[in-house]
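In what follows, a single structure is set out as structure tokens and then discussed.
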Amino acid sequence: EYLLTGVEANEKAESLMAEGKELETAVTMMEYRYGKGVTDIQMEICEYARQFVGNPYRWGGTSLTKGADCSGFTLAVYSNFGVSLPHSAAAQNKKGTNVGSVANAVPGDLIYYSGHIGIYIGNGVVIHASGEGSTCTGNHASKGHVVKRTNLSDFSNQYKTYRRLY
């Protein structure tokens with residue numbers, strides 16, 4: 001019912017408590033904007049990754065513009081934020097904290113499935129570098145090799161892990 005910040009928020013809280021009213025749980029601006037547990041840096045990672053959708057896939061590559069494979073894509077995106085990752089999907093799946101399931105995943109988490117890795121951007125969507133016919137792909141691109149957005153429902157029969165680096 002209220003979206004107040006700073007002194008105004010404190011004054012309103014004191015007024016309601018003086019009237020004997022119970023306060024609802026307050027949330028931070030980040031939680032209000034993105035959801036519980038999501039930080040600005042996680043959203044920045046997602047926004048940064050989104051700009052490369054449609055760029056080429058290249059097995060063994062780590063260039064976000066000239067071509068990257070799945071782990072090269074995540075390596076390059078996260079390196080822009082000071083995180084060093086190995087150039088291997090399986091090795092990246094050992095980094096950070098396992099958050100269990102998509103129910104606990106937040107935008108910016110790594111998602112690993114069937115030897116493939118990408119970045120979860122929320123609402124059941126992952127951004128990843130997918131190569132048609134490549135052993136690194138969990139989904140075959142219908143036309144060429146690209147960085148793309150894919151709904152998690154496309155991978156519903158595959159085991160997934162979600163890793164939080166931030």
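- Of all non-hydrogen atoms in Val83 and Leu165, the two that sit nearest each other are CG1-CD1, 4.2 Å.
- Closest heavy-atom contact between Trp59 and Tyr57: N-CE2, 3.5 Å.
- One finds the OG atom of Ser71 at 10.5 Å from the CG atom of Leu110 (value rounded to the nearest 0.5 Å).
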Practice prompt. Please step through side chain to side chain contact (heavy atoms under 4.5 Å, CB included) for the pair Tyr48 and Phe81, ending with a clear verdict.
Written response: CA-CA 10 Å; Tyr48 184 71; Phe81 295 89; 3.8 Å; yes
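- At least one donor-acceptor pair under 3.5 Å links the side chain of Asn55 to the backbone N or O of Leu64.
- Every residue two or more places apart in sequence or in another chain that forms a side-chain contact (heavy atoms from CB on, under 4.5 Å) with Ala49 is listed here: Phe73, Val77, Ile119, Ile127.
- Shown here for Cys70 and Ile117, the closest heavy-atom pair between the two residues is CB-O, 3.5 Å.
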Which atom pairs, donor and acceptor, lie under 3.5 Å between side-chain atoms of residues 95-107 and protein residues at least two apart or in another chain?
residue : atom : partner : partner atom : Å
Asn98   : OD1  : Gly100  : N            : 2.8
Ser101  : OG   : Ala103  : N            : 3.3
Asn104  : ND2  : Val99   : O            : 2.9

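- Looking at every heavy atom in both residues, Pro86 comes nearest to Ala91 through CG-CB, 3.5 Å.
- Considering only residues two or more places apart in sequence or on other chains, Tyr166 meets the ring-ring contact (aromatic ring centres under 6.0 Å, His included) condition with none of them.
- Among Gln92, His87, His128, the one residue that satisfies the side chain to side chain donor-acceptor pair (under 3.5 Å) test with Thr74 is Gln92.
- A 4.5 Å side-chain heavy-atom check between Tyr113 and Thr161 finds every atom pair outside the cut-off.
- Between the side chain of Glu14 and the backbone N or O of Glu11 there is no donor-acceptor pair closer than 3.5 Å.
- Considering only heavy atoms from C-beta on, Asp40 stays 4.5 Å or farther from Met43 through its side chain.
- A donor-acceptor pair is defined here as one N or O able to donate and one able to accept, closer than 3.5 Å; no such pair exists between the side chain of Asp69 and the backbone of Arg58.
- Asp109 pairs with exactly one of Lys160, Arg164, Arg163 by the salt bridge (Lys or Arg N to Asp or Glu O under 4.0 Å) rule, that one being Arg164.
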